[in-house]
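See below for the structure under consideration.
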Amino acid sequence: LMTATHRFRHHNTDKGAWSMAEQESALRPGQEALAPPLTGGWLQQHFAYTERGSSLRQEVLAGLTTFLAMVYSVFVVPSMLGKAGFDTSAVFVAVCLTSALGSLLMGFWANLPIAVGCALSLTAFMAFDLVLGQQLSPAVALGAVFLMGLIFTLISATGIRTWILRNLPLGIAHGTGIGIGLFLLMIASNEVGLVTRNTGAGLPVALGDVTSMPVWLSVVGLAAIFGLERRRVTGGILLVILGLSAIGLVFDPNVRFTGLFAMPSLLGEHSLIGTMDIGGALNAVVLPSVLALVMTAVFDATGTIRAVAGNAGQLDKDGQIINGSRALTTDSLSSLVSASLGASPAAAYIESAAGTAAGGRTGLTAVVVGLGFLMLIFLSPLAALVPSYATAPALMYVGLLMLGGVRHLNADDTVDTMAGLVCAVFIVLTVNIVTGIMLGFCTLVLGRLFSGELRRLNVGTVLIALALAVFYLGGWAL
């Protein structure tokens, strides 16, 4: 979907919209002004979709399109967090509630056609880096997500975000996204056995058993996603997940149908609501990971919201996002909600571009998405029905899309570009996102020193590099 965003048409939202002053000036002398028609009643008054060149039907269809494009997350996120010891049914409910509440807030408050859900990239960070890699408990990992959301909210509300975007090296910012994409590819490939640990001499990884059902189904599924997305089939990723799950149900004895409907247990034995350990996350060895989450979230949210808002024609004459501060604050508040419910960090979904391509122009599109996720909370048994080889193609596809960040690197500034690539490559080689960021910052500062370009460094970059270097050389890194 990210590759297709540039092809979506832009609409002039000002054409055909009269102000009240213009309507009054058009009246004949002595004629009383009539109230404008309220097609859709309160919905029209609140969302003003007519003024933005849309209609009630168009907004609902756009919302359904976005929902189908991103609903695969309710299967992929529980699958990843399940590997880290989280209860998959509880995560399923938490993901649905996070996506519903975040999308509803985005729709009603920011009035933008942007849906919110649990970010796959940050889910991978949380599950495979924080919990499985650094051996943090799920409760502490949820505490780290809460702190990330709190810091991100403060950054969005105070304007610090603008300073960060202006001063943080672009190479490292884009390199982090590229590295997380590689990270997702490694996770998915290892999960199905396509890439395995090499227990003998040589490199640490080796090719797995390509004749096994999980491996070839994953590869076929990935190719199917390529084709369906190329043809712009709505919900193509979801169709692949459902198709592979159906094959597993027939031929894989480990995949068993346990039911379709279940009342969500919000406060039951396996509930994750309110289980976060904020005190544990305030540990000095965890805070660098929190800051890495914040940095990734700031750039990801800004880029995604700007791209989708641009596709929907919701940029003002200065190129700024209409209600942009509300959108970013919604994004950050959603992570506070997700941590409280027991899910991974939330973020605006680039799949929202599918809805804007279908004509979504207002927050009503996001509201429809939110209502769709609310209804899904009664289908939690489906989470256990989806095997890893059904979700692996979706992870691989998202990871490959994130590699597109390479085109944003500045080829004319080789020091910045190479530092960004160092960051990306060592995220996956060390299986640690903070380590990749540390090496990126250190090589950037040293590269500027040896190239005689110290003036191109700002104080913030140097301080971050020094702090990370001391953190690692002092042996405090996990």
Side-chain angles (χ1 to χ4, degrees), residues 68-96 99 117-121 123-124 126-128 131-132 138 183-197 205 207-229 233 235-262 270 272 343-344 376-400:
L68 290 175
M70 64 178 288
V71 71
Y72 68 89
S73 63
V74 301
F75 302 116
V76 179
V77 173
S79 176
M80 284 196 285
L81 292 183
K83 303 297 185 299
F86 290 76
D87 182 81
T88 55
S89 294
V91 173
F92 181 94
V93 173
V95 171
C96 289
S99 303
C118 291
L120 297 192
S121 57
T123 300
M126 178 181 174
F128 295 93
V131 180
L132 295 177
F183 196 42
L184 286 175
L185 283 167
M186 176 63 77
I187 291 168
S189 300
N190 178 254
E191 185 63 33
V192 298
L194 178 58
V195 175
T196 61
R197 183 192 301 272
V205 295
L207 179 65
D209 181 9
V210 295
T211 63
S212 68
M213 187 176 79
V215 170
W216 61 262
L217 278 180
S218 298
V219 174
V220 171
L222 180 60
I225 291 176
F226 289 167
L228 292 175
E229 291 299 315
V233 175
I237 297 177
L238 175 64
L239 291 176
V240 170
I241 292 176
L242 294 178
L244 294 180
S245 298
I247 293 174
L249 186 61
V250 175
F251 297 102
D252 188 347
N254 295 317
V255 179
R256 292 185 295 273
F257 180 75
T258 58
L260 183 61
F261 298 100
H270 300 292
L272 296 169
S344 51
L376 271 185
I377 64 173
F378 299 101
L379 303 177
S380 60
L382 290 179
L385 182 63
V386 180
S388 59
Y389 50 80
T391 57
L395 278 179
M396 293 178 183
Y397 181 69
V398 173
L400 290 170

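As a basis for the values below, the full set of heavy atoms in this structure was taken, side chains included, without hydrogen atoms, waters or symmetry mates.
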Practice item. Show your working on side chain to side chain contact (heavy atoms under 4.5 Å, CB included) between Ile225 and Tyr72 and close with a plain yes or no. Key: CA-CA 12 Å; Ile225 291 176; Tyr72 68 89; over 6 Å; no
All side chain to side chain contact (heavy atoms under 4.5 Å, CB included) counterparts of [X], not counting sequence neighbours:
X: Ser212; result: Asp209, Pro214, Val215
X: Ala90; result: Asp87, Leu272
X: Val255; result: Leu249, Asp252, Leu385, Pro387, Tyr389
X: Ala224; result: Val240

Could you tell me the separation between the [atom1] atom of [X] and the [atom2] atom of [Y], rounded to the nearest 0.5 Å?
X: Ser73; Y: Ile241; atom1: OG; atom2: CD1; answer: 8.5 Å
X: Met70; Y: Leu120; atom1: CE; atom2: CG; answer: 9.5 Å
X: Leu376; Y: Ser99; atom1: CG; atom2: OG; answer: 9.0 Å
X: Ser388; Y: Asn190; atom1: OG; atom2: CG; answer: 10.5 Å
X: Ile237; Y: Leu242; atom1: CD1; atom2: CG; answer: 12.0 Å
X: Leu81; Y: Thr88; atom1: CG; atom2: OG1; answer: 10.0 Å

So, for [X] and [Y], which heavy atoms are closest and what is the spacing to 0.1 Å?
X: Ser218; Y: Val192; answer: OG-CG1, 3.3 Å
X: Met396; Y: Leu185; answer: O-CD2, 3.5 Å
X: Ala343; Y: Ala94; answer: CB-CB, 3.8 Å
X: Val131; Y: Pro138; answer: CG2-CA, 4.5 Å
X: Thr196; Y: Gly208; answer: CG2-CA, 3.9 Å
X: Ala390; Y: Val386; answer: CB-CG1, 3.8 Å

Point to revise | Qualifying salt bridge (Lys or Arg N to Asp or Glu O under 4.0 Å) pairs with a residue from residues 71-85, counting only residues at least two apart or across chains | key: Lys83-Glu191
Below 4.5 Å, heavy atoms only, C-beta onward: do [X] and [Y] meet side chain to side chain?
X: Thr211; Y: Trp216; answer: no
X: Phe251; Y: Leu217; answer: no
X: Phe128; Y: Met186; answer: no

Check your understanding: Who are the side-chain hydrogen bond (donor to acceptor under 3.5 Å, both in side chains) partners of Thr123, not counting sequence neighbours?
Key ->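 For Thr123, the residues satisfying side-chain hydrogen bond (donor to acceptor under 3.5 Å, both in side chains) (neighbours in sequence not counted) are Ser344.
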Check your understanding: According to the interplanar angle, ranging from 0 to 90°, do the rings of Phe75 and Phe92 count as parallel (below 30°), tilted (30 to 60°) or perpendicular (above 60°)?
Key -> tilted
